[in-house]
J.: 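My questions will all concern the structure given below.
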There are 2 protein chains.
Amino acid sequence: MRCRGAETQALFNLAREIGIGFYLGYAELTVEAGIVRRYNTSILVDRSGAIVARYRKVHLPGHAEHEPWRKFQHLEKRYFEPGSGFGVTEAFGGVMGMAICNDRRWSETYRVMGLQGVEMVMIGYNTPVHNPPAPEHDDLSLFHNHLVMQAGAYQNGTFVVGVAKAGIEEGVDHVGGSCIIAPSGEIIARCTTKGDEIALARCDLDLCNSYKRTTFNFDVHRQPRAYGPIVERKGVTIMADGTPVRPKG
Amino acid sequence: MRCRGAETQALFNLAREIGIGFYLGYAELTVEAGIVRRYNTSILVDRSGAIVARYRKVHLPGHAEHEPWRKFQHLEKRYFEPGSGFGVTEAFGGVMGMAICNDRRWSETYRVMGLQGVEMVMIGYNTPVHNPPAPEHDDLSLFHNHLVMQAGAYQNGTFVVGVAKAGIEEGVDHVGGSCIIAPSGEIIARCTTKGDEIALARCDLDLCNSYKRTTFNFDVHRQPRAYGPIVERKGVTIMADGTPVRPKG
């Protein structure tokens with residue numbers, strides 16, 4: 001779908017009318033050089049109703065084939081291809097970034113934007129309470145949700161805004177926990193129900209400097225020469241180029 | 001100093017006698033190719049009293065010159081040079097890693113070891129409650145301490161053991177909060193005083209698989225092509241090779 005069609009035009013109109021921008025996630029169908037492509041995408045719309053940034057989800061969770069043993073399917077790897085990276089945009093008087101859902105569990109998401117001076121990372125997520133491959137994580141789902149966003153905020157001196165689709169959809173119960181997190185890592189506003197709810201916080205972007213200029217002054221303290229494996233290999237057994245890692249010795 | 005001298009031999013003897021290994025941090029003075037070098041170093045000693053691994057601190061905090069306005073100095077950048085990276089070692093029936101103090105605040109620390117299959121990261125830390133450049137962080141020091149280690153554990157499916165020098169030393173009050181963290185990110189044991197105290201937990205390293213094979217199955221879910229900036233630049237204004245980042249446009 002297009003991000004700006006008959007279904008969504010009212011959002012753009014209202015943004016302009018009341019002077020409030022928004023983040024919108026959608027399934028993107030596009031044709032690039034004659035090839036049909038599908039991405040899990042979000043856009044950032046400013047208070048004038050103009051699209052100022054687009055982001056395509058990098059970390060696609062789930063699986064690519066139907067797996068009948070699951071209570072429900074999670075076929076993001078079937079229907080989408082991953083985006084190429086994380087950018088930032090000057091908007092709303094600061095440096096804005098976006099991520100989507102599973103991206104928030106990966107420290108690289110925040111760091112790549114932190115290295116571009118991000119001051120607010122906006123994240124939409126639809127996360128089932130139940131994780132079929134690891135049901136032993138179910139009762140920790142909200143704890144993990146906040147842990148990763150709070151760490152990402154603190155470690156990069158940025159606000160993080162996480163917004164959940166909460167409650168039951170097609171029989172699947174989703175976690176809530178929408179929240180606004182300060183650069184200190186503290187949650188400064190959050191929702192506590194599974195219904196429609198608004199969480200509101202004053203976000204003074206200058207508070208980022210308290211962390212960006214001290215503990216997390218990257219220019220002074222980071223040591224990129226020690227980080228090579230992060231880009232040189234994909235996992236424990238596969239290199240970034242898809243070949244197997246050679247066993248030791 | 002040497003890690004195994006008259007002052008520390010008793011530790012090695014006791015390790016062998018009671019069959020319990022240990023992690024030991026020390027200031028390392030060494031000569032490499034005729035050049036005197038100083039590192040902030042730790043070693044891992046197995047239950048036979050043998051040194052099985054050595055780690056040199058990568059992330060040196062503080063400053064290199066005397067700054068009289070501070071209540072106390074933090075001259076790690078003056079007295080040490082950074083180590084080159086994070087390795088892992090097979091010991092204690094699993095894959096062990098080490099870090100020191102400020103390393104624990106950096107997500108790269110855990111990830112580089114996670115990419116080598118680490119199952120337990122051991123971290124010693126001496127952290128003043130008061131942070132002279134950012135006193136507004138003081139009351140969050142324990143929160144930050146646990147946040148970063150819990151996130152590092154969860155995001156890499158590894159145990160993390162953080163051990164503090166707690167209480168007052170040379171007039172400076174240090175945070176405690178020594179803890180053992182499971183791959184779930186949950187704190188499963190911790191100290192609650194500033195005195196000598198032992199925290200004990202059974203660490204079944206196979207629990208790491210619950211995370212390493214699902215949500216954090218790196219081979220399936222990581223996207224290294226999106227992580228370039230992590231190694232290509234040091235900070236927001238300086239490239240990894242020390243040259244300035246070109247301004248936009």
J.: If you take all heavy atoms of A/I238 and B/D219, which pair is closest and at what distance?
T.: N-OD1, 3.0 Å
J.: Indicate the atoms forming the closest heavy-atom contact of B/S107 with A/R111, along with that distance.
T.: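 Closest approach of B/S107 to A/R111: OG-NH2, 3.5 Å.
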J.: Among B/P229, B/G152, B/G242, who wins on heavy-atom pairs under 4.5 Å with chain A?
T.: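 Among B/P229, B/G152, B/G242, the one with the most close pairs to chain A is B/P229.
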J.: So which of B/R213, B/R222, B/K77 has the biggest tally of heavy-atom pairs under 4.5 Å with chain A?
T.: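 When all of B/R213, B/R222, B/K77 are compared, B/R222 has the most.
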J.: Taking all non-hydrogen atoms of both residues, which atom of A/F216 and which atom of B/R105 are closest, and how far apart?
T.: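 Looks like CE2-O, 3.5 Å.
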J.: Restricting to non-hydrogen atoms, name the atom on B/P224 and the atom on A/R233 that form the minimum distance, rounded to 0.1 Å.
T.: CG-O, 3.6 Å
J.: Taking everything shown except A/R38 itself, do over 12 heavy atoms lie less than 6.0 Å from its CZ?
T.: no
J.: Less than 4.5 Å to any heavy atom of chain B: does that hold for the side chain of A/T214, its backbone, both, or neither?
T.: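 For A/T214, the side chain is the part near chain B, not the backbone.
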J.: Extract all donor-acceptor atom pairs below 3.5 Å that involve side chains of residues 201-211 of chain A and protein atoms in other chains or at least two apart in sequence.
T.:
unit_1	atom_1	unit_2	atom_2	d
A/D204	OD1	A/D206	N	3.0
A/S210	OG	B/E136	OE2	2.5
A/S210	OG	B/H137	NE2	2.7

J.: Report which part of A/E186 has an atom under 4.5 Å of a heavy atom belonging to chain B: side chain, backbone, both, or neither.
T.: both
J.: Counting only heavy atoms closer than 4.5 Å, note whether A/T215 contacts chain B via side chain, backbone, both or neither.
T.: both
J.: Looking only at non-hydrogen atoms, find the nearest pair between A/Q223 and B/V58 and report the distance.
T.: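 Between these two residues, the closest heavy atoms are CG-O, 3.3 Å.
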J.: May I ask you to name which of A/Q155, A/H221, A/E232, A/K234 has the most heavy-atom pairs under 4.5 Å with chain B?
T.: A/K234
J.: Can B/L147 and A/L147 be said to form a side-chain contact (heavy atoms from CB on, under 4.5 Å), step by step?
T.: CA-CA 7 Å; B/L147 176 63; A/L147 175 64; 3.8 Å; yes
J.: Less than 6.0 Å separating the ring centroids of B/H59 and A/Y227?
T.: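 Distance test on ring centres: under 6.0 Å, yes.
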J.: Looking at chain A, which one of B/S184, B/G228, B/P133 has the largest number of heavy-atom pairs inside 4.5 Å, strictly under?
T.: B/S184
J.: Taking only heavy atoms into account, what residues of residues 60-74 of chain A are found under 4.5 Å from chain B?
T.: A/L60, A/P61, A/G62
J.: Which atoms of B/D241 are under 4.5 Å from chain A, going by heavy atoms: the side chain, the backbone, both sets, or neither?
T.: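 No part of it gets close to chain A.
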J.: Using a 4.5 angstrom heavy-atom cutoff, name the option from B/G85, B/G117, B/A151 with the most pairs to chain A.
T.: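 Most pairs with chain A among the choices: B/A151.
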J.: Identify which of A/Y110, A/Y154, A/F86, A/F218 forms the greatest number of heavy-atom pairs closer than 4.5 Å to chain B.
T.: A/Y154
J.: For the residue pair B/R225 and A/G83, what are the closest heavy atoms and their distance?
T.: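 B/R225 and A/G83 have their closest heavy atoms at NH2-O, 3.5 Å.
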